[in-house]
Enquirer: 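After the C-alpha coordinates below, expect a handful of questions from me.
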2 protein chains.
Amino acid sequence: MTAQLKIRYDSYIQENQLKSSRRRDMIFEHILQIQGHFTVDNIYQEILTIDSGIGIATIYRTVRLLVASGVLSEQTFGEKKGWFEINDLKVEHHDHMICTSCGKIIEFHSKVIESNKHEIAKAHCFIIYSHKLEIFGLCNTCQKQ
Amino acid sequence: MTAQLKIRYDSYIQENQLKSSRRRDMIFEHILQIQGHFTVDNIYQEILTIDSGIGIATIYRTVRLLVASGVLSEQTFGEKKGWFEINDLKVEHHDHMICTSCGKIIEFHSKVIESNKHEIAKAHCFIIYSHKLEIFGLCNTCQKQ
DNA sequence: ATTCGTGCAAATGCTTTGCACCCAC
DNA sequence: GTGGGTGCAAAGCATTTGCACGAAT
(Lines give C-alpha, C1' and ligand atoms only; values in the text may rest on other atoms or scores of the structure.)
Protein backbone atom coordinates (compact mmCIF):
# COMPACT_ATOMS: atom_id res chain seq x y z
CA MET A 1 0.00 0.00 0.00
CA THR A 2 2.88 2.31 0.77
CA ALA A 3 4.16 1.48 -2.69
CA GLN A 4 0.85 2.61 -4.19
CA LEU A 5 1.11 5.93 -2.41
CA LYS A 6 4.70 6.36 -3.48
CA ILE A 7 3.67 5.92 -7.09
CA ARG A 8 0.94 8.50 -6.70
CA TYR A 9 3.42 10.94 -5.12
CA ASP A 10 6.10 10.37 -7.73
CA SER A 11 3.79 10.61 -10.70
CA TYR A 12 2.16 13.77 -9.43
CA ILE A 13 5.59 15.37 -9.17
CA GLN A 14 6.50 14.09 -12.62
CA GLU A 15 3.28 15.21 -14.30
CA ASN A 16 3.40 18.70 -12.85
CA GLN A 17 7.03 19.51 -13.57
CA LEU A 18 7.82 19.60 -9.88
CA LYS A 19 10.98 18.33 -8.29
CA SER A 20 11.61 16.03 -5.41
CA SER A 21 13.79 17.34 -2.64
CA ARG A 22 15.30 16.15 0.60
CA ARG A 23 12.64 17.88 2.71
CA ARG A 24 9.69 17.05 0.47
CA ASP A 25 10.62 13.38 0.52
CA MET A 26 11.26 13.41 4.24
CA ILE A 27 7.84 14.91 4.99
CA PHE A 28 6.19 12.38 2.71
CA GLU A 29 7.98 9.47 4.34
CA HIS A 30 7.15 10.82 7.77
CA ILE A 31 3.45 11.12 6.94
CA LEU A 32 3.39 7.54 5.67
CA GLN A 33 4.24 6.40 9.20
CA ILE A 34 1.27 8.18 10.76
CA GLN A 35 -1.73 6.22 11.96
CA GLY A 36 -4.98 8.15 11.94
CA HIS A 37 -5.60 11.86 11.70
CA PHE A 38 -3.24 14.77 12.07
CA THR A 39 -3.03 18.52 11.62
CA VAL A 40 -0.25 20.44 9.90
CA ASP A 41 0.98 21.62 13.27
CA ASN A 42 1.14 18.02 14.55
CA ILE A 43 3.64 16.98 11.89
CA TYR A 44 5.45 20.31 12.05
CA GLN A 45 6.19 19.74 15.75
CA GLU A 46 7.29 16.16 15.10
CA ILE A 47 9.53 16.97 12.15
CA LEU A 48 11.06 19.93 13.99
CA THR A 49 12.70 17.45 16.37
CA ILE A 50 14.41 15.71 13.43
CA ASP A 51 15.04 18.71 11.19
CA SER A 52 15.23 21.86 13.26
CA GLY A 53 15.61 24.11 10.24
CA ILE A 54 12.28 23.30 8.66
CA GLY A 55 9.63 26.00 8.21
CA ILE A 56 5.94 25.40 8.67
CA ALA A 57 5.28 26.83 5.21
CA THR A 58 7.09 23.85 3.73
CA ILE A 59 4.83 21.48 5.62
CA TYR A 60 1.76 23.35 4.39
CA ARG A 61 3.02 23.28 0.82
CA THR A 62 3.86 19.59 0.96
CA VAL A 63 0.54 18.65 2.55
CA ARG A 64 -1.29 20.59 -0.18
CA LEU A 65 0.72 18.67 -2.76
CA LEU A 66 -0.18 15.38 -1.10
CA VAL A 67 -3.87 16.27 -1.06
CA ALA A 68 -3.73 17.31 -4.71
CA SER A 69 -2.01 14.06 -5.63
CA GLY A 70 -4.56 11.99 -3.74
CA VAL A 71 -2.15 10.70 -1.10
CA LEU A 72 -4.00 12.54 1.66
CA SER A 73 -7.58 13.58 2.22
CA GLU A 74 -8.69 16.56 4.25
CA GLN A 75 -11.58 17.00 6.67
CA THR A 76 -12.61 19.70 9.09
CA PHE A 77 -14.45 17.63 11.72
CA GLY A 78 -16.63 20.69 12.28
CA GLU A 79 -13.61 22.76 13.29
CA LYS A 80 -12.22 25.63 11.29
CA LYS A 81 -8.91 23.97 10.56
CA GLY A 82 -7.72 21.10 8.44
CA TRP A 83 -7.30 17.52 9.60
CA PHE A 84 -5.57 15.09 7.29
CA GLU A 85 -5.31 11.34 6.85
CA ILE A 86 -3.82 8.93 4.39
CA ASN A 87 -6.20 8.28 1.55
CA ASP A 88 -5.79 4.61 0.83
CA LEU A 89 -8.00 3.83 -2.15
CA LYS A 90 -7.82 0.12 -1.46
CA VAL A 91 -9.42 0.60 1.93
CA GLU A 92 -13.17 1.13 2.05
CA HIS A 93 -14.41 4.62 2.72
CA HIS A 94 -14.95 5.17 6.41
CA ASP A 95 -16.74 7.69 8.56
CA HIS A 96 -15.99 9.13 11.98
CA MET A 97 -17.41 9.28 15.46
CA ILE A 98 -15.85 12.14 17.36
CA CYS A 99 -15.89 12.33 21.13
CA THR A 100 -16.69 15.92 22.11
CA SER A 101 -15.13 15.35 25.52
CA CYS A 102 -11.70 13.86 24.80
CA GLY A 103 -11.45 14.33 21.02
CA LYS A 104 -11.03 10.62 20.34
CA ILE A 105 -11.94 9.65 16.77
CA ILE A 106 -13.48 6.25 16.08
CA GLU A 107 -13.64 5.13 12.47
CA PHE A 108 -16.44 3.01 11.13
CA HIS A 109 -17.92 1.87 7.88
CA SER A 110 -21.54 1.16 7.11
CA LYS A 111 -22.68 -0.58 3.96
CA VAL A 112 -26.23 0.43 4.82
CA ILE A 113 -25.40 4.12 4.83
CA GLU A 114 -23.23 3.69 1.75
CA SER A 115 -26.02 2.23 -0.34
CA ASN A 116 -28.72 4.51 1.04
CA LYS A 117 -26.58 7.49 0.12
CA HIS A 118 -26.59 6.35 -3.50
CA GLU A 119 -30.34 5.89 -3.50
CA ILE A 120 -30.85 9.40 -2.19
CA ALA A 121 -28.48 10.91 -4.72
CA LYS A 122 -30.25 9.07 -7.51
CA ALA A 123 -33.61 10.41 -6.37
CA HIS A 124 -32.22 13.96 -6.58
CA CYS A 125 -30.33 13.37 -9.84
CA PHE A 126 -27.15 14.17 -7.94
CA ILE A 127 -23.74 12.74 -8.90
CA ILE A 128 -21.71 11.87 -5.81
CA TYR A 129 -18.03 12.74 -5.66
CA SER A 130 -17.52 12.10 -1.97
CA HIS A 131 -19.22 12.28 1.38
CA LYS A 132 -18.41 13.00 4.98
CA LEU A 133 -20.35 11.63 7.91
CA GLU A 134 -19.40 12.75 11.37
CA ILE A 135 -21.16 11.64 14.52
CA PHE A 136 -20.49 13.76 17.59
CA GLY A 137 -21.02 12.48 21.11
CA LEU A 138 -19.41 10.73 24.06
CA CYS A 139 -17.06 7.78 23.78
CA ASN A 140 -17.28 4.83 26.12
CA THR A 141 -14.50 6.07 28.38
CA CYS A 142 -15.84 9.60 28.77
CA GLN A 143 -19.33 8.39 29.62
CA LYS A 144 -17.94 6.87 32.79
CA GLN A 145 -16.21 10.00 34.01
CA MET B 1 -42.49 27.99 14.78
CA THR B 2 -41.21 31.55 14.89
CA ALA B 3 -42.93 31.84 18.26
CA GLN B 4 -41.03 28.78 19.48
CA LEU B 5 -37.75 30.36 18.49
CA LYS B 6 -38.68 33.65 20.10
CA ILE B 7 -39.30 31.83 23.37
CA ARG B 8 -35.94 30.14 23.13
CA TYR B 9 -34.25 33.49 22.46
CA ASP B 10 -36.06 35.32 25.25
CA SER B 11 -35.54 32.64 27.87
CA TYR B 12 -31.85 32.31 27.06
CA ILE B 13 -31.46 36.03 27.63
CA GLN B 14 -33.45 35.82 30.84
CA GLU B 15 -31.60 32.82 32.23
CA ASN B 16 -28.17 34.27 31.56
CA GLN B 17 -28.69 37.75 32.94
CA LEU B 18 -28.32 39.24 29.49
CA LYS B 19 -30.30 42.15 28.12
CA SER B 20 -32.22 42.61 24.97
CA SER B 21 -31.30 45.58 22.84
CA ARG B 22 -32.43 47.24 19.66
CA ARG B 23 -29.63 45.74 17.61
CA ARG B 24 -29.75 42.29 19.21
CA ASP B 25 -33.49 42.06 18.53
CA MET B 26 -33.11 43.39 15.03
CA ILE B 27 -30.47 40.80 14.12
CA PHE B 28 -32.62 38.05 15.58
CA GLU B 29 -35.69 39.19 13.63
CA HIS B 30 -33.64 39.49 10.48
CA ILE B 31 -32.26 35.97 10.83
CA LEU B 32 -35.77 34.59 11.31
CA GLN B 33 -36.58 35.73 7.77
CA ILE B 34 -33.70 33.80 6.23
CA GLN B 35 -34.35 30.66 4.23
CA GLY B 36 -31.49 28.20 4.20
CA HIS B 37 -27.85 28.68 5.12
CA PHE B 38 -25.87 31.82 5.68
CA THR B 39 -22.51 33.06 6.93
CA VAL B 40 -21.90 35.88 9.38
CA ASP B 41 -20.69 38.05 6.54
CA ASN B 42 -23.90 37.39 4.57
CA ILE B 43 -26.10 38.88 7.28
CA TYR B 44 -23.58 41.59 8.07
CA GLN B 45 -23.79 42.87 4.48
CA GLU B 46 -27.58 42.69 4.52
CA ILE B 47 -28.01 44.42 7.86
CA LEU B 48 -25.48 47.10 6.91
CA THR B 49 -27.95 48.37 4.32
CA ILE B 50 -30.60 48.86 7.04
CA ASP B 51 -28.36 49.88 9.94
CA SER B 52 -25.17 51.43 8.60
CA GLY B 53 -23.65 51.84 12.05
CA ILE B 54 -23.54 48.17 12.96
CA GLY B 55 -20.23 46.43 13.57
CA ILE B 56 -19.49 42.90 12.49
CA ALA B 57 -18.48 42.03 16.05
CA THR B 58 -22.07 42.53 17.12
CA ILE B 59 -23.24 40.10 14.47
CA TYR B 60 -20.68 37.55 15.61
CA ARG B 61 -21.71 37.99 19.24
CA THR B 62 -25.41 37.70 18.44
CA VAL B 63 -24.94 34.65 16.25
CA ARG B 64 -22.94 32.97 19.03
CA LEU B 65 -25.79 33.75 21.41
CA LEU B 66 -28.31 32.26 18.99
CA VAL B 67 -26.25 29.09 18.61
CA ALA B 68 -25.89 28.80 22.39
CA SER B 69 -29.62 29.25 22.85
CA GLY B 70 -30.42 26.63 20.23
CA VAL B 71 -32.01 29.01 17.74
CA LEU B 72 -29.25 28.40 15.20
CA SER B 73 -27.02 25.47 14.37
CA GLU B 74 -23.57 25.73 12.87
CA GLN B 75 -21.85 23.65 10.22
CA THR B 76 -18.61 23.99 8.29
CA PHE B 77 -19.51 22.16 5.07
CA GLY B 78 -15.86 21.20 4.83
CA GLU B 79 -14.82 24.86 4.66
CA LYS B 80 -12.88 26.69 7.33
CA LYS B 81 -15.68 29.08 8.16
CA GLY B 82 -19.05 28.84 9.82
CA TRP B 83 -22.37 28.37 8.04
CA PHE B 84 -25.54 28.80 10.05
CA GLU B 85 -29.16 27.82 9.74
CA ILE B 86 -32.27 28.01 11.85
CA ASN B 87 -32.52 25.02 14.13
CA ASP B 88 -36.19 24.16 14.15
CA LEU B 89 -36.60 21.29 16.60
CA LYS B 90 -40.01 20.44 15.23
CA VAL B 91 -38.50 19.70 11.86
CA GLU B 92 -36.68 16.40 11.48
CA HIS B 93 -32.93 16.48 11.35
CA HIS B 94 -31.75 16.81 7.79
CA ASP B 95 -28.49 16.35 5.93
CA HIS B 96 -26.96 18.13 2.97
CA MET B 97 -25.89 17.49 -0.59
CA ILE B 98 -23.51 20.21 -1.71
CA CYS B 99 -22.84 20.90 -5.36
CA THR B 100 -19.10 21.47 -5.75
CA SER B 101 -19.69 23.36 -8.98
CA CYS B 102 -22.37 25.95 -8.12
CA GLY B 103 -22.51 25.65 -4.32
CA LYS B 104 -26.19 24.74 -4.26
CA ILE B 105 -27.25 22.95 -1.10
CA ILE B 106 -29.97 20.30 -1.24
CA GLU B 107 -31.43 19.16 2.05
CA PHE B 108 -32.62 15.63 2.60
CA HIS B 109 -33.60 13.27 5.36
CA SER B 110 -33.12 9.55 5.53
CA LYS B 111 -34.75 7.36 8.14
CA VAL B 112 -32.48 4.53 7.04
CA ILE B 113 -29.35 6.49 7.80
CA GLU B 114 -30.88 7.81 11.00
CA SER B 115 -31.56 4.37 12.41
CA ASN B 116 -28.33 2.84 11.15
CA LYS B 117 -26.41 5.61 12.86
CA HIS B 118 -27.92 4.57 16.19
CA GLU B 119 -27.07 0.92 15.61
CA ILE B 120 -23.46 1.80 14.91
CA ALA B 121 -23.20 4.03 17.97
CA LYS B 122 -24.65 1.30 20.13
CA ALA B 123 -22.12 -1.19 18.82
CA HIS B 124 -19.31 1.16 19.85
CA CYS B 125 -20.94 2.15 23.17
CA PHE B 126 -21.01 5.71 21.88
CA ILE B 127 -23.63 8.25 23.00
CA ILE B 128 -24.74 10.44 20.08
CA TYR B 129 -25.18 14.17 20.57
CA SER B 130 -25.47 15.10 16.92
CA HIS B 131 -24.28 14.17 13.47
CA LYS B 132 -23.44 15.83 10.20
CA LEU B 133 -23.67 14.12 6.84
CA GLU B 134 -22.51 15.99 3.79
CA ILE B 135 -22.53 14.57 0.29
CA PHE B 136 -20.39 16.43 -2.23
CA GLY B 137 -20.95 16.18 -5.97
CA LEU B 138 -22.73 17.66 -8.96
CA CYS B 139 -26.32 18.86 -8.93
CA ASN B 140 -28.70 18.14 -11.77
CA THR B 141 -28.19 21.55 -13.39
CA CYS B 142 -24.39 21.49 -13.29
CA GLN B 143 -24.24 17.99 -14.79
CA LYS B 144 -25.70 19.38 -17.98
CA GLN B 145 -23.23 22.18 -18.37
C1' DA C 1 -26.44 53.44 39.18
C1' DT C 2 -24.99 49.33 37.51
C1' DT C 3 -24.44 46.06 34.29
C1' DC C 4 -24.51 44.65 29.88
C1' DG C 5 -24.24 45.90 24.74
C1' DT C 6 -21.56 47.90 21.03
C1' DG C 7 -18.12 49.91 17.69
C1' DC C 8 -13.60 50.08 16.86
C1' DA C 9 -9.28 48.39 16.37
C1' DA C 10 -6.08 45.15 17.79
C1' DA C 11 -5.25 40.40 18.53
C1' DT C 12 -5.75 35.56 17.41
C1' DG C 13 -5.38 31.07 14.97
C1' DC C 14 -4.80 28.86 10.86
C1' DT C 15 -3.20 29.23 6.33
C1' DT C 16 -1.18 31.30 2.17
C1' DT C 17 2.11 34.09 -0.30
C1' DG C 18 6.09 37.29 -1.87
C1' DC C 19 10.72 37.46 -1.92
C1' DA C 20 15.53 36.44 -1.75
C1' DC C 21 18.30 32.69 -1.61
C1' DC C 22 19.35 27.53 -1.98
C1' DC C 23 19.40 23.21 -4.24
C1' DA C 24 18.37 19.57 -7.85
C1' DC C 25 18.71 18.46 -12.49
C1' DG D 1 22.51 27.86 -15.50
C1' DT D 2 17.55 27.64 -14.77
C1' DG D 3 13.48 26.62 -12.55
C1' DG D 4 11.57 24.89 -8.75
C1' DG D 5 12.08 24.42 -3.31
C1' DT D 6 12.52 26.76 1.11
C1' DG D 7 12.72 29.88 5.29
C1' DC D 8 11.22 33.95 6.84
C1' DA D 9 8.20 37.42 7.53
C1' DA D 10 4.23 39.64 5.96
C1' DA D 11 -0.35 39.22 4.41
C1' DG D 12 -5.04 37.02 4.38
C1' DC D 13 -9.39 35.43 6.34
C1' DA D 14 -12.59 34.31 9.67
C1' DT D 15 -13.26 35.11 14.23
C1' DT D 16 -12.57 36.85 18.98
C1' DT D 17 -11.46 40.19 22.43
C1' DG D 18 -10.05 44.55 25.21
C1' DC D 19 -11.51 48.90 25.95
C1' DA D 20 -14.07 53.06 26.36
C1' DC D 21 -18.49 54.62 25.72
C1' DG D 22 -23.56 54.12 25.15
C1' DA D 23 -27.90 52.02 26.38
C1' DA D 24 -31.28 49.04 29.12
C1' DT D 25 -33.30 47.85 33.61
Side-chain angles (χ1 to χ4, degrees), chain A residues 9-31 37-69 72-84 103, chain B residues 9-31 37-69 72-84 103:
Chain A
Y9 170 71
D10 287 337
S11 34
Y12 186 84
I13 287 178
Q14 202 92 77
E15 288 159 15
N16 295 77
Q17 295 93 247
L18 304 175
K19 293 177 182 170
S20 77
S21 78
R22 193 192 110 240
R23 287 193 158 135
R24 197 111 102 182
D25 293 347
M26 188 255 289
I27 296 168
F28 171 67
E29 297 293 343
H30 184 87
I31 285 176
H37 307 84
F38 58 90
T39 62
V40 165
D41 197 57
N42 288 159
I43 38 178
Y44 175 57
Q45 298 301 338
E46 290 172 10
I47 294 179
L48 256 190
T49 67
I50 317 169
D51 178 358
S52 60
I54 203 151
I56 199 167
T58 302
I59 313 278
Y60 272 104
R61 287 187 271 236
T62 305
V63 164
R64 283 282 151 247
L65 181 161
L66 294 176
V67 170
S69 66
L72 293 179
S73 65
E74 181 174 8
Q75 308 227 32
T76 59
F77 294 128
E79 296 183 52
K80 289 172 189 109
K81 65 177 177 180
W83 285 88
F84 302 87
Chain B
Y9 171 69
D10 287 337
S11 35
Y12 187 83
I13 286 179
Q14 203 91 78
E15 288 160 15
N16 294 78
Q17 296 92 249
L18 305 176
K19 293 176 183 171
S20 78
S21 77
R22 194 190 109 242
R23 287 193 156 135
R24 197 111 100 180
D25 292 348
M26 187 256 288
I27 296 168
F28 171 66
E29 297 295 344
H30 183 88
I31 284 175
H37 307 84
F38 57 90
T39 62
V40 165
D41 197 58
N42 289 159
I43 39 178
Y44 175 59
Q45 298 301 337
E46 290 172 11
I47 294 178
L48 255 191
T49 68
I50 317 167
D51 178 358
S52 61
I54 203 152
I56 199 166
T58 302
I59 313 279
Y60 271 104
R61 287 187 270 234
T62 305
V63 164
R64 283 280 151 249
L65 182 160
L66 294 176
V67 170
S69 66
L72 293 179
S73 65
E74 181 174 9
Q75 307 227 35
T76 59
F77 293 128
E79 296 184 52
K80 289 175 190 106
K81 63 178 176 181
W83 286 88
F84 302 87

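First the proteins, then the strands, lettered A, B, ... as listed; each starts at 1.
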Enquirer: Please state how far atom CD1 in B/Ile47 lies from atom C1' in C/dT6, giving the value in whole angstrom units.
Expert: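 Distance check: B/Ile47 CD1 to C/dT6 C1' gives 14 Å.
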Enquirer: Please tell me if A/Tyr60 has a side-chain N or O lying less than 4.0 Å from either OP1 or OP2 of C/dT16.
Expert: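 So the side-chain polar atoms of A/Tyr60 never come under 4.0 Å of the phosphate oxygens OP1 or OP2 of C/dT16.
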Enquirer: Please state how far atom CG in A/Asp41 lies from atom P in C/dT12, giving the value in whole angstrom units.
Expert: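 That distance rounds to 16 Å.
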Enquirer: Can you confirm whether A/Met26 sits close enough to A/Ile54 that some side-chain heavy atom of one is under 4.5 Å from a side-chain heavy atom of the other?
Expert: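 Yes, side chains in contact.
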Enquirer: What is the distance from atom CZ of A/Phe84 to atom CD of A/Glu74, rounded to the nearest 0.5 Å?
Expert: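 It is 4.0 Å, given to the nearest 0.5 Å.
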Enquirer: Look at B/Arg64 and D/dT16 and indicate whether a side-chain polar atom (N or O) is within less than 4.0 Å of OP1 or OP2.
Expert: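 So the side-chain polar atoms of B/Arg64 do come within 4.0 Å of the phosphate oxygens OP1 or OP2 of D/dT16, strictly under.
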Enquirer: Would B/Asp41 and B/Lys81 count as a salt bridge (charged side-chain N to carboxylate O under 4.0 Å, His left out) here? Give the steps.
Expert: CA-CA 10 Å; B/Asp41 197 58; B/Lys81 63 178 176 181; over 6 Å; no
Enquirer: Can you measure from OG (A/Ser11) to CG (A/Asn16) and round to the nearest 0.5 angstrom?
Expert: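 The distance works out to 9.5 Å.
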Enquirer: Under a 4.5 Å cut-off applied to non-hydrogen side-chain atoms, are A/Glu79 and B/Thr76 in contact?
Expert: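 Counting from C-beta outward, A/Glu79 and B/Thr76 never come under 4.5 Å.
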Enquirer: Just the rounded figure in Å: distance from P of C/dT16 to OH of A/Tyr44.
Expert: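 Going from A/Tyr44 (OH) to C/dT16 (P), I get 16 Å.
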Enquirer: If you find the nucleotide of DNA chain C closest to B/Gly55 and the one closest to B/Asn16, which residue's nucleotide is nearer the 5' end?
Expert: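 Of the two residues, B/Asn16 wins.
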Enquirer: Just the rounded figure in Å: distance from C1' of C/dC23 to CZ of A/Arg23.
Expert: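 Spelled out: CZ on A/Arg23 to C1' on C/dC23 is 11 Å.
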Enquirer: Take the protein atom CG of B/Asp25 and the nucleotide atom P of D/dA24, then report the distance between them rounded to whole Å.
Expert: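 Result: 10 Å.
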Enquirer: Taking N and O atoms by type only, does the side chain of B/Lys19 place a donor or acceptor under 3.5 Å from a partner on the base of C/dT3?
Expert: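 Yes, a donor-acceptor pair under 3.5 Å.
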Enquirer: How close or far is atom C1' of C/dC14 from atom CZ of A/Phe84, stated in whole angstroms?
Expert: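 Taking atom C1' of C/dC14 as the reference, CZ of A/Phe84 is at 11 Å.
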Enquirer: Tell me whether the side-chain N/O atoms of A/Ser21 come closer than 4.0 Å to OP1 or OP2 in D/dG4.
Expert: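 It does not, given that no N or O in the side chain of A/Ser21 lies less than 4.0 Å from OP1 or OP2 of D/dG4.
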Enquirer: Can you tell me how far C1' of D/dG4 sits from CD of A/Gln14, to the nearest Å?
Expert: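 Going from CD in A/Gln14 over to C1' in D/dG4 covers 14 Å.
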Enquirer: With nearest nucleotide decided by heavy atoms, which residue, B/Trp83 or A/Ile56, maps closer to the 5′ end of DNA chain D?
Expert: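 The residue closer to the strand's 5' end, by nearest nucleotide, is A/Ile56.
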Enquirer: Name the nucleic acid region contacted by A/Arg61, choosing base, sugar-phosphate or nothing; use a 4.0 angstrom heavy-atom cut-off, strictly under.
Expert: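 Base, at least one base heavy atom under 4.0 Å.
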Enquirer: Answer with yes or no whether B/Lys81 presents, from its side chain, a donor or acceptor under 3.5 Å of a partner atom in the base of D/dA14.
Expert: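 No, the side chain and the base share no sub-3.5 Å donor-acceptor pair.
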Enquirer: Could you tell me whether B/Ile54 contacts a base, only the sugar-phosphate backbone, or nothing, with contacts defined as non-hydrogen atoms closer than 4.0 Å?
Expert: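 If one applies the 4.0 Å heavy-atom cut-off, B/Ile54 turns out to touch the sugar-phosphate alone, with no base involved.
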Enquirer: Tell me which nucleotide among C/dC8, C/dC4, D/dC8 gets nearest to the side chain of B/Gln17.
Expert: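 Among the listed nucleotides, the one closest to the side chain of B/Gln17 is C/dC4.
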Enquirer: Looking at D/dA24, I'd like to know if its phosphate oxygens (OP1 or OP2) sit under 4.0 Å from a side-chain N or O belonging to B/Ser20.
Expert: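 Checking B/Ser20 against D/dA24: no side-chain N or O falls below 4.0 Å of OP1 or OP2.
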Enquirer: In whole angstrom, what separates B/Lys80's NZ from D/dA14's C1'?
Expert: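 The answer, rounded to whole Å, is 12 Å.
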